[in-house]
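First listed ligand is number 1; within each ligand, the first listed atom is number 1. What you see is a predicted model, and the numbers here were worked out from it, not measured in a lab.
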Amino acid sequence: MILVTGGAGYIGSHNVLALIEAGYEVVIFDSLEIGHVEFVETLKNIQAKGKVVDFIKGDLQNLSQIKSVFEKYKIDAVVHFAAYSQVAESVKNPQKYYYNNVYGTLNLLNAMLENDVKRIVFSSTAATYGEPVYVPIDEKHPQTPINTYGKTKLMIESIMDDYDNAYGLKSVRLRYFNVAGADSQSRIGEWHDPETHLIPNILKSTFGQGRVFQMFGDDYDTKDGTCVRDYINVEDLALAHVLALKYLENGGETNYFNLGTQNGNSVKEVFSCCEKVTGQNIPVEICPRRQGDPAVLIADNNKAQDVLNWMPQKSLEESVCSSYNWESKLEKIIN
Ligand code: UFG
């Protein structure tokens with residue numbers, strides 16, 4: 001049985017789907033503060049080799065809630081997504097982030113150790129690298145996060161190293177670049193409130209109601225003046241978690257991998273791709289730079305290819321397409 005924390009959120013839910021399709025039985029633990037009960041219902045009803053055995057609503061900051069999951073089920077490994085992830089908010093309210101992300105993870109690890117569960121796949125981030133010293137960024141790149149969100153994830157990575165040394169807890173930390181797209185059958189997708197991410201924000205401007213996409217800065221030192229990012233499809237990303245889990249099951253040591261495509265796309269390129277996919281002229285306004293945005297972030301993903309045998313398959317256009325299908329459905333759900 002695999003415990004997935006944050007399994008009702010955007011990345012977590014796509015991972016639950018990949019896990020059940022790979023034949024795993026899954027228990028979802030989620031506070032539903034950010035996650036959606038609708039995703040849980042959808043996942044429970046999907047016919048696959050594996051299944052969602054249970055959903056438990058709970059908060060990792062409450063030690064007894066997470067401990068009770070391990071009392072109820074014999075958990076073999078954990079895939080840990082539950083976290084706050086908004087960069088700007090993390091800088092304004094660090095207390096919220098340290099308590100939820102770091103203290104919440106300490107509680108999870110406490111419950112794992114108490115029940116002799118020694119394998120965890122952890123959702124980390126490229127934000128642990130901070131301002132890039134070189135690109136593409138490999139795993140040896142210095143980790144000097146420039147915001148509290150990135151710091152919480154780096155702290156957890158370092159706690160996991162100490163817990164391996166002391167208690168033999170094996171972890172795989174997956175450092176995501178920019179996650180994009182949705183389930184190719186539009187059963188689940190990206191659903192944040194407020195939405196801060198590029199692709200959903202561009203696509204939302206195609207649905208009228210006076211919405212205009214705000215492009216944050218066109219004076220960066222890049223090919224067209226806008227920021228360059230590495231957009232990794234959420235289904236490709238989910239498969240990497242399944243491979244990471246199998247790596248640990250096969251006795252793999254604690255390790256960490258970048259998850260990206262090794263391709264950089266500028267904000268303007270993503271915007272053009274959205275116009276092409278939707279066939280619309282999307283209203284856009286050039287705005288000042290958003291604070292804390294590095295000009296270029298691109299992953300070197302060779303280590304994940306070599307060790308996990310992972311190879312992302314989906315193009316930016318495929319991610320935009322699945323996002324658009326999902327956004328069209330979401331518009332009907334929320335309006
Ligand atoms: N952007 C806009 N307009 C928007 C939203 C974004 O122009 O409405 C621009 C941003 O300024 C940036 C690019 O689009 O240049 C990508 O922005 P996102 O917010 O989509 O993604 P980020 O690169 O800021 O952040 C993502 C995750 C973080 C993670 C980070 C690590 O959201 O959680 O990648 O690289 F920390």
Side-chain angles (χ1 to χ4, degrees), residues 6 9-12 34 81-91 97 100-101 123-132 135-137 141 143-154 156-157 173-181 190-206 211-234 237 258-262 264-274 282-301 316 319-320 323 327:
Y10 167 47
I11 299 175
I34 300 167
F81 299 98
Y84 293 137
S85 64
Q86 287 194 31
V87 170
E89 184 192 52
S90 77
V91 177
Y97 277 68
N100 188 55
N101 295 6
S123 160
S124 188
T125 170
T128 59
Y129 294 118
E131 193 67 48
V135 285
I137 297 172
H141 187 285
Q143 284 182 293
T144 44
I146 54 167
N147 54 60
T148 307
Y149 166 64
K151 285 182 193 169
T152 64
K153 293 282 183 173
L154 182 56
I156 297 165
E157 288 207 15
R173 284 100 64 157
L174 299 174
R175 299 175 186 156
Y176 313 154
F177 282 67
N178 286 58
V179 187
E190 194 162 3
W191 183 357
H192 295 121
D193 189 15
E195 185 52 78
T196 60
H197 294 114
L198 178 63
I199 295 172
N201 276 351
I202 299 174
L203 294 173
K204 282 177 198 302
S205 305
T206 64
R211 286 178 281 192
V212 177
F213 165 64
Q214 298 192 313
M215 190 180 280
F216 299 136
D218 65 351
D219 57 352
Y220 285 92
D221 184 16
T222 57
K223 48 189 166 186
D224 61 18
T226 61
C227 288
V228 171
R229 294 288 181 273
D230 183 334
Y231 294 90
I232 175 70
N233 179 273
V234 70
L237 188 95
N258 287 339
L259 298 183
T261 64
Q262 232 150 242
N265 284 105
S266 72
V267 172
K268 281 188 178 163
E269 285 171 345
V270 175
F271 182 80
S272 301
C273 182
C274 291
I282 302 173
V284 52
E285 155 187 26
I286 309 293
C287 298
R289 293 181 177 196
R290 189 173 69 177
Q291 217 188 339
D293 277 342
V296 180
L297 287 173
I298 300 172
D300 178 324
N301 67 11
L316 174 66
S319 290
V320 168
S323 265
E327 284 295 335

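- In the vicinity of Ala127, heavy-atom distances shorter than 4.0 Å reach the ligand 1 atoms 31 (C), 36 (F).
- Atom OG1 of Thr128 is separated from atom CG of Asn147 by 10.0 Å, given to the nearest 0.5 angstrom.
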After noting the C-alpha distance and the side-chain angles of Val270 and Ile202, does the key distance pass the side-chain contact (heavy atoms from CB on, under 4.5 Å) rule?
-> CA-CA 9 Å; Val270 175; Ile202 299 174; 3.9 Å; yes
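- Between the side chains of Thr226 and Asp218, no donor-acceptor pair of N or O atoms lies under 3.5 Å.
- Per-residue contacts place Thr125 under 4.0 angstrom from the following atoms of ligand 1 (heavy atoms of the residue considered): 29 (C), 31 (C), 36 (F).
- Inter-residue side-chain proximity for Met215 and Lys268 is flagged as met; some heavy-atom pair is nearer than 4.5 Å.
- Every atom of ligand 1 is numbered from 1 in the order shown, and the set under 4.0 Å from a heavy atom of Leu297 is 35 (O).
- In terms of protein heavy atoms, atom 8 (O) of ligand 1 is closest to Asn201 ND2, 3.1 Å.
- You'll find the side chain of Phe213 stays beyond 4.5 Å of the side chain of Glu285, heavy atoms only.
- In this structure, a donor-acceptor pair under 3.5 Å is absent between the side chains of Gln143 and His141.
- Closest heavy-atom approach to atom 24 (O) of ligand 1 among the candidates His197, Met215, Arg290: Arg290.
- Geometrically, Arg229 does not engage Phe177 in a cation-pi contact, judged by NZ or CZ lying under 6.0 Å from the ring centre and within 45° of the ring axis.
- Near Val267, meaning under 4.0 Å from any of its heavy atoms, are these atoms of ligand 1: 9 (C), 13 (C), 14 (O), 15 (O).
- For Leu198, heavy-atom contacts with ligand 1 shorter than 4.0 Å involve the backbone as well as the side chain.
- There is no side-chain donor-acceptor pair under 3.5 Å between Tyr231 and Thr261.
- Residue Gln214 places at least one N or O, backbone or side chain, under 3.5 Å from an N or O of ligand 1.
- Nearest-heavy-atom check against atom 22 (P) of ligand 1 across Asp218, Asn178, Thr128 picks out Asn178.
- Contact check on Lys204 versus Glu327 returns a salt bridge, with a Lys/Arg side-chain nitrogen under 4.0 Å from an Asp/Glu carboxylate oxygen.
- Inclusion of Phe216 in the set of residues having an N or O under 3.5 Å from an N or O of ligand 1 is warranted.
- Considering Val228, Asp230, Val296 in turn, Val296 is the only one that fulfils the side-chain contact (heavy atoms from CB on, under 4.5 Å) rule with Val135.
- If you number the atoms of ligand 1 from 1 as listed, the ones under 4.0 Å from a heavy atom of Asp293 come out as 10 (C), 11 (O), 12 (C), 15 (O), 24 (O).
- Of the heavy atoms in Tyr231, only side-chain atoms (C-beta onward) come closer than 4.0 Å to ligand 1.
- Counting heavy atoms closer than 4.0 Å to ligand 1, residue Ser85 contributes backbone atoms (N, CA, C, O) but none from C-beta onward.
- For ligand 1, the atoms sitting less than 4.0 Å from at least one non-hydrogen atom of Thr196 are 5 (C), 6 (C), 19 (O), numbered in the order shown with element in parentheses.
- Residues Tyr149 and Glu89 bring no donor and acceptor atom of their side chains to less than 3.5 Å of each other.
- Considering only non-hydrogen protein atoms, atom 15 (O) of ligand 1 sits nearest to Cys227 CB, 3.0 Å.
- Counting heavy atoms closer than 4.0 Å to ligand 1, residue Arg289 contributes nothing at all.
- Contacts with ligand 1 closer than 4.0 Å are made by no heavy atom of Ile202, backbone or side chain.
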